[in-house]
Amino acid sequence: MTQRRPLIAGNWKMNCLRADGLELVSALVAKAAEKGSLGCDVLVCPPATLLSDVVNAAQNSAVQVGGQDCHAETSGAHTGDVAAAMLADIGASYVLVGHSERRADHDESSTVIRQKAIAAHDAGLIAVVCVGETEQERDLGATLPVVNGQVAVSVPDGASAKNTVIAYEPVWAIGTGRTASVAEVAEVHAAIRAELVERFEDGDEFRILYGGSVKPSNAAELLAVADVDGALVGGASLKVDDFWKIIETCA
Ligand code: PEP
């Protein structure tokens, strides 16, 4: 069976002023240094304003840094947006694309998300492509077709396990305190894995993260599910002790 190194990724969303962000990343860097070897890769995705500071604070540490979004174009008249090459230029190595909050707040379609993932790859970044069903879609029994459809369109043909991570995040579990059950997570991750294996030569090597109210108390059981190769963590990534406990679950 393919061994996949887990990835624990923190999505800070639109939180943290400079001092808070620096305190958070510095504490994480210190814990990682004290521990030495970690059982997973660690990523933090701060808001764009803090990327440069966080990259500097995390230099030569086990903590990698990513953007929360990028534009599909390389440059131009896109006020307020950030190009993937700009993220790479300041030292980010990952970028989230297609987070459900972007899909909902900015009307982003899976087609746009595929273009963003391609832009990320072209800039040398690893794209974390987020997918997940709404509560209404789950209630209608449409979870698998919705999620498989999002993966089919959002993940570009040029994707590989080296440049792409999938994050399954049921929308109804994000920031709500509700978590998908182990059986629900297992079913969706298996369906995503089957789709990746059918489409990509290295489909078995892609990391598939679970996200949605992951916290220290549920991380171990979620991370033990087959085909769960890490977590995308929102709220709990803002508290260094909680985020660290989730990281330690992979030790
Ligand atoms: C997220 O923002 O991707 C997320 C999963 O948030 P939370 O952990 O707070 O549900």
Side-chain angles (χ1 to χ4, degrees), residues 6-16 20-21 24-25 28 40-48 50-51 54 64-70 92 94-106 108 110 113 116-117 120 126-135 137-138 143 146-147 150-151 154-155 164-182 184-185 188-189 192 207-223 225 227-250:
L7 170 65
I8 303 296
N11 174 13
W12 294 3
K13 310 195 190 193
M14 196 173 72
N15 292 297
C16 293
D20 312 314
L24 186 51
V25 70
L28 195 57
C40 60
D41 292 341
V42 176
L43 170 68
V44 293
C45 299
L50 297 187
L51 275 167
V54 171
Q64 299 181 80
V65 182
Q68 294 179 10
D69 181 51
C70 66
Y94 285 76
V95 62
L96 308 181
V97 294
H99 191 283
S100 66
E101 287 152 16
R102 301 276 329 165
R103 288 180 188 259
D105 297 355
H106 300 270
E108 290 187 2
S110 289
I113 289 153
K116 290 183 176 207
I126 299 172
V128 180
V129 180
C130 305
V131 296
E133 81 287 2
T134 62
E135 182 159 36
E137 289 163 341
R138 177 161 282 276
T143 298
V146 165
V147 171
Q150 288 174 340
V151 171
S154 309
V155 180
T164 305
V165 172
I166 310 294
Y168 167 55
E169 301 202 295
V171 178
W172 49 271
I174 297 179
T176 59
R178 291 171 62 197
T179 313
S181 70
V182 161
E184 288 166 338
V185 173
V188 179
H189 279 240
I192 295 173
R207 289 181 288 188
I208 308 174
L209 314 185
Y210 170 75
S213 299
V214 175
K215 43 189 180 263
S217 58
N218 61 21
E221 75 169 358
L222 289 164
L223 291 168
V225 174
D227 285 308
V228 173
D229 309 306
L232 180 52
V233 184
S237 73
L238 295 170
K239 296 181 195 135
V240 71
D241 288 341
D242 283 359
F243 194 51
W244 184 253
K245 280 182 194 142
I246 296 169
I247 291 166
E248 287 219 295
T249 308
C250 301

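What you see below is based on every heavy atom in this structure, not just the backbone, and it leaves out hydrogens, waters and symmetry mates. As the structure lists them, so they are numbered: ligands from 1, and atoms in each ligand from 1. In this chain, residues are counted from 1 in sequence order. Quick caveat: nothing in here was measured; it's all calculated off a predicted structure.
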Would you say the side-chain atoms of Asp229 pair up with the backbone N or O of Ile208, donor to acceptor, closer than 3.5 Å?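 Yes; at least one donor-acceptor contact below 3.5 Å.
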
Aromatic rings Tyr168 and His189: how do their planes relate, parallel, tilted or perpendicular, breaks at 30° and 60°?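 Aromatic pair Tyr168/His189 classed perpendicular.
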
Test of proximity, [X] against ligand 1: N or O pairs below 3.5 Å:
{"X": "Thr176", "value": "no"}
{"X": "Gly235", "value": "yes"}
{"X": "Asn11", "value": "yes"}

Among all protein heavy atoms in this structure, tell me which lies nearest to [atom], with the distance rounded to 0.1 Å.
{"atom": "atom 2 (O) of ligand 1", "answer": "Lys13 CE, 2.6 Å"}
{"atom": "atom 5 (C) of ligand 1", "answer": "Glu169 OE2, 3.0 Å"}
{"atom": "atom 1 (C) of ligand 1", "answer": "His99 NE2, 3.3 Å"}

Under 4.0 Å from any heavy atom of [X], which atoms of ligand 1 are there?
{"X": "Ser213", "result": "7 (P), 8 (O), 10 (O)"}
{"X": "Ala173", "result": "10 (O)"}
{"X": "Gly212", "result": "5 (C), 10 (O)"}
{"X": "Leu232", "result": "3 (O), 5 (C)"}

Are the side chains of [Y] and [X] in contact, using a 4.5 Å heavy-atom criterion?
{"X": "Leu28", "Y": "Ile247", "value": "yes"}
{"X": "Arg207", "Y": "Cys40", "value": "no"}
{"X": "Thr249", "Y": "Ile8", "value": "no"}
{"X": "Thr143", "Y": "Val188", "value": "yes"}
{"X": "Lys13", "Y": "Ile174", "value": "yes"}
{"X": "Asp69", "Y": "Lys116", "value": "yes"}

Of the listed options Ala9, Gly234, Gly175, closest to atom 10 (O) of ligand 1 (non-hydrogen atoms):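 It is Gly175 that holds the nearest heavy atom.
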
Should the proximity of Ser237 to ligand 1, defined as any heavy atom under 4.0 Å, be assigned to the side chain, the backbone, both, or neither?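 Answer for Ser237: neither.
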
Residue-ligand contact Lys215/ligand 1, heavy atom below 4.0 Å: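 The answer is no: ligand 1 sits nowhere under 4.0 Å from a heavy atom of Lys215.
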
